[in-house]
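Here the structure is laid out as structure tokens; the discussion comes afterwards.
All figures in this text were calculated on a predicted structure; none of them were measured in a lab. In what follows, every chain begins at residue 1, and chains take the letters A, B, ... in the order their sequences are listed.
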Amino acid sequence: MISFQGVRFTYPGGTEPALVVDRLTIQEGEFCLVMGETGTGKSTLLRAINGLVPHFSGGTMAGEVTVLGRSTRDHRPRELADLVGYVGQSASAGFVAETVEEELAYTMENLGVAPQAMRRRVEEALDLLGLSRLRSRSVRTLSGGEQQRTAIASVLTATPKVLVLDEPTSALDPAAAEEVLSALARLVHDLGLTVVMAEHRLERVLPFVDTAVLLPGGPQPPVVGTAAQVVEGASSVPPIIELGRAMGWSPPPLSVREARRLASPLRERLNLVVGESKPLNPTPWEPLASVHHLSVSYDRRPALLQVSLSVRRGEVLAVMGRNGSGKTTLLRQLAGVGGARRGEVLVQGGSPERIAARERIRRVGMVPQDPGALLYEDSVAKECSLADREAGLPAGTTARLFERLMGEKADQRHPLDLSEGQRLGLALAVVLAPAPALLLLDEPTRGLDYSSKARLVAQLAELAAGGTAIVVASHDVEIVARLAHRVIVLAEGEIVADGPAREVVCHSPVFAPQIAKIFAPHALLSVDEVTRALAGSESR
Amino acid sequence: MMKTGSALHPLAWWLWATGVGAAALQTTNLALLLLLAAETAYVGALFVEGRNSREMVGAVARLAVFAVIVRLVVQILFGQRLPGSEAFALPSLPLPTWAAGVSIGGVVTWQSLEGALEGGIQLAVVLECFSLANALAHPYRLLRVLPAVLYETGLVVSVALAFTPELVRRLSDVKEARRLRGRPTRGVRGVRHMAVPVLEGGLQRSLELAAAMDARGFGRSGRSDPRVARRRTAVLGVSMTMLILGSLAIGGLGAGRSAGVAMFTLGGLGVGIAFREGERRSRRTRYRPYRFGPVEWAVSLSGLLASAGFAVAAHLEGGMRPLIGTLALPPLPLLALLACAVALLPATVLRRAGTPAHGLESEVVAG
């Protein structure tokens with residue numbers, strides 16, 4: 001179906017090839033996952049399938065990529081549009097039309113499909129992806145999951161043989177991600193479509209895929225095989241695979257269901273275990289920040305309703321909930337940039353928006369969803385020295401912090417050339433340099449690979465141990481399980497659950513991490529806890 | 001089933017708005033102008049859907065009010081000193097003789113205020129009409145009815161229009177991020193530092209859109225022979241110019257009327273041929289093309305009739321341009337009032353925003 005032969009691609013101005021694939025074949029009807037750390041060329045590989053690389057990106061390419069016999073060498077992306085459907089990283093950025101229905105027809109209009117057939121295919125695509133109720137909605141007003149499904153439907157109408165998706169679920173909450181993935185699985189099973197997809201959140205996608213391609217980065221050849229084989233050899237993996245390794249299961253289980261079956265004797269061996277709760281730095285009960293009866297609305301639509309909570313020193317509080325449930329609004333209010341509200345927000349006894357800017361950045365720091373928005377200068381070094389000046393810190397403070405966080409020098413690289421993880425690190429360094437007492441993070445793990453996530457977790461745990469209070473809004477259940485002391489769940493702007501992390505996540509079917517699902521009813525969150533509990537049960 | 005306002009053929013709304021706007025330009029009768037302003041506002045309230053569109057219409061309405069106020073202030077400070085009864089007097093600045101016709105301060109008469117108010121409201125009604133047409137017929141919908149020759153040009157415009165709200169969103173993100181770092185969002189330095197990330201974000205997004213469009217087959221058809229395309233563009237350009245020059249001549253600006261008519265006809269013919277050729281050669285197809293049905297005819301004719309009614313009234317009846325300075329309540333010309341009523345036709349032939357398609361039936365079933 002798809003074949004790569006002797007492909008070496010270098011971006012314009014690059015010295016090292018961004019992608020080296022000597023031989024790779026993807027068979028018809030496969031659901032193939034492309035995995036690898038950030039910057040190993042996942043997007044480049046995907047874009048090479050329909051010729052966006054090199055036709056759109058520029059650069060030099062040796063070798064050949066063919067799709068069903070058509071070579072991208074002499075077919076431009078538009079000439080492959082009837083064969084390969086491509087959905088980029090940000091689905092909404094690719095929308096051309098006004099309504100969902102017109103968006104679905106756009107590709108077919110370009111291909112010159114007859115009006116009768118267009119009409120039929122639009123209806124079919126609407127049904128396949130469950131969009132029929134949204135058909136006349138404006139594409140700008142859709143939620144993240146709906147946008148992603150619309151983008152998929154809009155390339156499907158051209159009846160392609162191959163669907164290429166770049167991180168389709170990275171911006172979605174767990175429920176919406178599930179929706180998109182099960183739609184994809186249906187397409188593979190019912191229509192025999194070949195799907196090639198890059199994704200960081202392996203724990204979400206592994207149960208669905210057949211094969212995997214692991215890009216190790218640099219000149220090493222990609223590892224290709226069944227998903228279980230490839231994942232077994234990968235360096236950073238989701239908890240379910242870690243568990244498989246720890247228990248010596250080979251091949252490792254890919255879905256919670258498989259793992260539960262394998263773990264059933266283990267569950268029986270344990271008496272009902274509740275893992276210990278995370279130690280909280282033993283400071284006196286002293287709320288660092290608190291919110292009382294906070295209500296915020298945008299255009300008379302409530303975003304937060306009568307929310308009250310407090311955060312103490314050294315505590316990591318995770319805020320979970322669907323997209324649009326008010327998580328970001330809450331963080332913005334705590335940071336003092338949220339605008340009009342009713343109710344009270346106090347950070348160290350003062351209303352954050354009333355505090356002078358210089359003083360405020362010492363009390364509360366926030367990293368927004370797009371950390372790049374915090375950065376303006378054209379090099380890492382300049383950005384760091386600017387942060388020093390703005391906060392009135394001795395020169396070099398931010399640069400040293402960046403080096404300690406990321407293990408690399410604050411040099412002349414442009415912030416736009418950094419990977420997601422490095423950009424987040426730089427934004428964190430800038431925000432943390434004035435040593436704020438309260439740190440707010442909005443979806444910090446979006447687009448991060450497992451090693452960057454592990455580093456982030458370690459850094460945040462260290463900060464919390466040092467007494468910084470951290471509030472993190474996240475969809476990433478695994479991160480929350482590893483990091484948070486306490487979890488609140490927001491729904492439609494109201495707090496619907498508030499309690500110790502273990503209790504809240506283990507009792508939720510949506511927010512429970514994989515290990516908790518595998519070992520329910522035991523309330524265990526991580527592989528470490530499992531091994532400890534098993535060792536304990538043996539010694540008794 | 002009745003059509004909603006936004007399901008109408010986009011040209012219908014543009015014709016209606018042009019008609020009502022043209023009507024407003026034909027009268028200085030304050031009562032009629034206010035009536036037209038109220039009508040456009042009412043139609044907007046009935047049919048504009050979606051929060052963004054409503055916000056935009058609201059913003060333009062505020063802009064219109066602002067325009068009226070600016071017009072009044074300018075009149076008070078620098079306006080022509082019309083004779084009449086004095087409202088109040090400002091201290092005046094003597095100007096040299098070469099600046100005759102311009103004055104600063106002085107006696108302000110009720111009459112001059114009235115004139116300014118009328119001019120301002122005229123402008124406000126025209127503004128309102130166009131914002132309404134824009135809100136009811138999204139630029140992308142307008143693009144879909146453009147002839148194939150203009151498709152690519154139209155696409156550039158419509159993508160740019162859709163892109164503006166994105167830039168605004170990006171700007172507010174960046175502003176917020178600056179406040180998070182405790183930095184100024186105003187002043188020269190603030191603007192310089194914000195422009196870079198906003199434009200970078202904008203560029204990034206346009207590249208993503210371009211890649212998505214390429215991957216979805218944009219530009220695949222209609223590129224058969226560049227020579228044919230170039231010839232077609234040339235014919236189109238020349239014909240368009242002739243059309244414009246011809247209509248100017250007919251309107252009485254420039255040379256002879258009959259030459260104008262000839263040019264206009266030739267130009268029209270040329271444009272028609274270019275459009276037809278383009279349509280024939282284009283391999284693009286259209287999904288559910290909008291139909292110009294009876295409802296569309298009704299809406300566009302109601303606007304055009306209103307304008308025609310005002311034009312006829314201006315010839316036949318008094319009261320369309322009441323003399324400034326009488327200060328009496330102007331008489332209401334019957335024909336113009338009728339035209340105003342006709343312009344309200346969309347309110348009766350269209351389904352209002354936010355009501356269910358089969359409202360009555362389902363109520364009956366539920367009852």
Counting only heavy atoms not in B:F292 (residues, nucleotides, ligands), do more than 12 fall under 6.0 Å from its CZ?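 Result for CZ/B:F292: enclosed.
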Which answer fits B:R181, side chain, backbone, both or neither, if we ask what part of it has an atom under 4.5 Å from a heavy atom of chain A?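 Both the backbone and the side chain of B:R181 come within 4.5 Å of chain A.
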Considering only heavy atoms, which portion of [X] lies under 4.5 Å from any heavy atom of chain B: side chain, backbone, both, or neither?
X      : value
A:V164 : neither
A:L374 : both
A:R137 : neither
A:S90  : both
A:E98  : both
A:S136 : neither

Determine the option with the most heavy-atom pairs under 4.5 angstrom with chain B, choosing from A:S57, A:P434, A:G88, A:P77.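 Of the candidates given, the most pairs with chain B belong to A:P77.
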Look at A:P115, A:A81, A:A357, A:A97 and state which one has the largest set of heavy-atom pairs under 4.5 Å with chain B. A:A97
Donor-acceptor pair, [X] side chain versus [Y] backbone, under 3.5 Å?
X      : Y      : value
A:N110 : B:R216 : yes
A:R360 : B:R179 : yes
A:E109 : B:Y287 : yes
B:T285 : A:V113 : yes

If you define the side chain from C-beta out and look only at heavy atoms, does anything of B:R288 sit under 4.5 Å from A:E101?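 B:R288 vs A:E101: side chains touch.
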Would you call A:V337 and B:L180 a side-chain contact if the rule is heavy atoms closer than 4.5 Å?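 In short, these two side chains touch, coming nearer than 4.5 Å.
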Atom of [X], atom of [Y] and distance for their closest heavy-atom approach:
X      : Y      : result
B:Y290 : A:E102 : OH-OE2, 2.5 Å
B:A177 : A:A373 : CB-O, 3.3 Å
A:F56  : B:A211 : CZ-N, 3.5 Å
A:L52  : B:A215 : CD1-CB, 4.4 Å

